[in-house]
2 protein chains.
Amino acid sequence: MLSFVEENYLKAIYHLSEAGKRPVNTNALAEEMKTAPASVSDMIKRLSEKRMVDYQKYRGVNISEKGKIKALHVIRQHRIWKVFLVEKLNFQWDQLDEVAEQLEHIKSPLLFQRLDEFLGFPKFDPHGDPIPDENGQLIEKRKDPIAQLPVGTASIVVGVNGSSASFLKYLDKVGISIGTRLQIVDRMEFDGSVDITIDGKKTITISPTVAENILLSEA
Amino acid sequence: MLSFVEENYLKAIYHLSEAGKRPVNTNALAEEMKTAPASVSDMIKRLSEKRMVDYQKYRGVNISEKGKIKALHVIRQHRIWKVFLVEKLNFQWDQLDEVAEQLEHIKSPLLFQRLDEFLGFPKFDPHGDPIPDENGQLIEKRKDPIAQLPVGTASIVVGVNGSSASFLKYLDKVGISIGTRLQIVDRMEFDGSVDITIDGKKTITISPTVAENILLSEA
DNA sequence: ATTATTATTTCGATTAATCTAAATATTTTA
DNA sequence: TAAAATATTTAGATTAATCGAAATAATAAT
Ligand SMILES: [Mn+2]
Ligand SMILES: [Mn+2]
Ligand SMILES: [Mn+2]
Ligand SMILES: [Mn+2]
């Protein structure tokens with residue numbers, strides 16, 4: 001059984017390695033975990049003994065298959081709780097992480113089974129991030145920024161890049177959130193501004209920066 | 001900030017002292033916490049330094065005002081989660097404690113505020129135990145076993161003594177749960193068996209033992 | 001009032017998680 | 001390629017939580 005701390009490390013390693021694609025170095029992990037590099041060295045040794053990571057000193061750490069499954073399990077629980085907090089308890093986006101970071105460590109398969117059912121088996125969390133299934137399978141849909149899609153595209157908002165308060169407030173104001181249907185109606189060649197229609201109702205112009213940071217689903 | 005373990009100890013001290021009425025001795029606490037008495041001595045010292053308990057060695061431990069408030073806070077959270085698990089996730093009684101023991105330690109005033117609201121500000125948990133308010137106030141209603149109430153009494157089931165699986169299964173079978181309305185229609189003098197009407201529908205006879213273990217509200 | 005029994009505390013260790021400072025390895029730069 | 005800079009690990013402590021064994025205090029029995 002992994003401790004809360006070990007689970008948090010695994011999750012960080014998973015994310016920093018981009019799902020296991022590249023090794024993670026000690027300082028990056030120390031920064032992510034807000035601990036001293038020395039503490040990271042210690043913890044990596046522990047995780048290595050538990051076969052959760054592959055590790056050769058000075059070479060960085062790679063998550064193992066076993067570790068990846070565990071990490072995805074925690075990520076699943078994290079995201080399911082987020083859905084609950086937003087859908088049922090009306091949490092704001094910026095209040096989510098602090099609580100989900102705690103709730104994700106609750107040990108009870110039954111709880112998550114029932115919670116998942118209660119929420120209608122959601123596939124994406126409130127940020128548009130996909131929820132892994134019980135086996136750690138991620139059905140990652142491609143997400144493309146508006147800026148990279150052709151005029152005429154009509155699709156669903158599945159995520160945003162970054163999460164600055166001012167950007168989220170802007171989205172709120174113009175009426176865009178996860179699940180909103182957008183259509184790209186025009187693109188200004190001179191600066192990349194885009195006209196979009198929101199939910200088939202009103203049409204607004206968004207800046208190139210905004211177009212870069214709103215992600216639409218491929219289908 | 002108290003650790004999970006400290007919170008669990010405080011709760012145990014609160015319960016074993018019957019809400020602070022009497023001191024708790026080391027062995028009783030060790031048994032309750034399933035630890036060695038030596039560990040209890042250590043922990044009591046820690047809690048005493050934090051002014052959560054009053055302690056003189058060999059004299060037992062008394063919960064302090066500060067400690068009582070903290071304990072009631074944890075108890076509140078424990079019971080609110082139980083309501084959630086039963087009402088929203090359809091947990092059985094015997095599956096509750098393991099999960100609630102974990103969830104009760106989540107640190108987030110906002111979460112409990114919202115959860116309380118989501119559940120409609122429940123006053124009692126699924127076992128009929130009262131939920132303390134945010135200030136630790138307990139509006140404890142008297143609970144009387146059927147065996148001690150006069151014939152003619154009509155009232156609501158607010159709790160049961162004990163929680164053996166077979167007893168709970170029996171209650172389930174005859175259709176009695178927290179909130180069920182019962183009327184005492186007759187009592188056999190020779191053995192104390194009682195005839196009760198359930199929800200104004202069917203009338204059944206319960207044994208003296210059962211009559212001793214079903215608790216009705218005073219009002 | 002001793003003695004025996006029981007309860008409690010202290011002592012000394014262990015494990016998990018953390019830190020600072022020092023040592024060592026790797027990488028970069030000149 | 002040797003020195004300088006950076007990254008990482010090791011060494012040695014600390015704190016929380018736990019334990020078994022030994023010492024001590026309190027209580028009960030003779
Ligand atoms: Mn070390
Ligand atoms: Mn976490
Ligand atoms: Mn000690
Ligand atoms: Mn607990």
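Keep in mind it's a predicted model, so treat the numbers as computed, not measured. Numbered from 1 within each chain, the chains take letters A, B, ... in sequence-line order.
- Following rounding to the nearest Å, Ile44(A) (CD1) and dT10(D) (C1') show an atom-to-atom distance of 14 Å.
- In the set dT8(D), dA11(D), dT8(C), dA11(D) carries the atom at the smallest distance from any side-chain atom of Ala38(A).
- Rounded to an integer number of Å, the gap from CG of Leu2(B) to C1' of dA16(D) is 13 Å.
- For Met43(B), counting side-chain heavy atoms from C-beta on, the closest listed nucleotide (dT8(D), dA17(D), dC19(D)) is dA17(D).
- Remark: the Lys11(B) side chain and the His15(B) side chain contain no N/O donor-acceptor pair separated by less than 3.5 Å.
- At dT9(D), one or more side-chain N or O atoms of Ser41(A) fall inside 4.0 Å of OP1 or OP2 (strictly under the cut-off).
- Neither OP1 nor OP2 of dT6(C) sits under 4.0 Å from any side-chain N or O of Asn27(B).
- Remark: C1' of dA7(D) and OH of Tyr58(A) are 8 Å apart, rounded to the nearest angstrom.
- Note on Lys57(A): a side-chain N or O is less than 4.0 Å away from OP1 or OP2 of dT10(D).
- Under a 3.5 Å cut-off, the side chain of Arg76(B) and the backbone N or O of Gly136(B) do not form any donor-acceptor pair.
- Per the geometry, CE belonging to Met33(B) stands 11 Å off C1' belonging to dA17(D), to the nearest Å.
- Here dA17(C) presents its C1' atom at 12 Å from CG of Leu47(A), a figure rounded to the nearest Å.
- No side-chain heavy atom of Met43(B) sits less than 4.5 Å from a side-chain heavy atom of Val40(B).
- In this structure, Glu7(A) places its CD atom 11 Å from P of dA17(C), rounding to the nearest Å.
- Proximity of Thr26(A) to the phosphate of dA7(D): no side-chain N or O atom is located under 4.0 Å from OP1 or OP2.
- A cation-pi arrangement is found for Lys88(B) relative to Phe118(B), the charged atom lying closer than 6.0 Å to the ring centre and inside a 45° cone about the ring normal.
- Mapping Gly60(B) and Pro37(A) onto DNA chain C via the closest heavy atom, the residue that lands nearer the 5' end is Gly60(B).
- At whole-Å resolution of the value, CZ in Phe4(A) and C1' in dA16(D) are 15 Å apart.
- Backbone-only contact: Ala36(B) has heavy atoms under 4.0 Å from sugar-phosphate atoms and none from a base.
- When the C1' atom of dT8(D) is taken as reference, atom CG of Asp42(A) falls 12 Å away, rounded to whole Å.
- Look at Asn25(B) and you'll find a side-chain N or O under 4.0 angstrom from OP1 or OP2 of dT8(C).
- Relative orientation of the Phe167(B) and Tyr170(B) rings is parallel, given thresholds of 30° and 60° on the angle between their planes.
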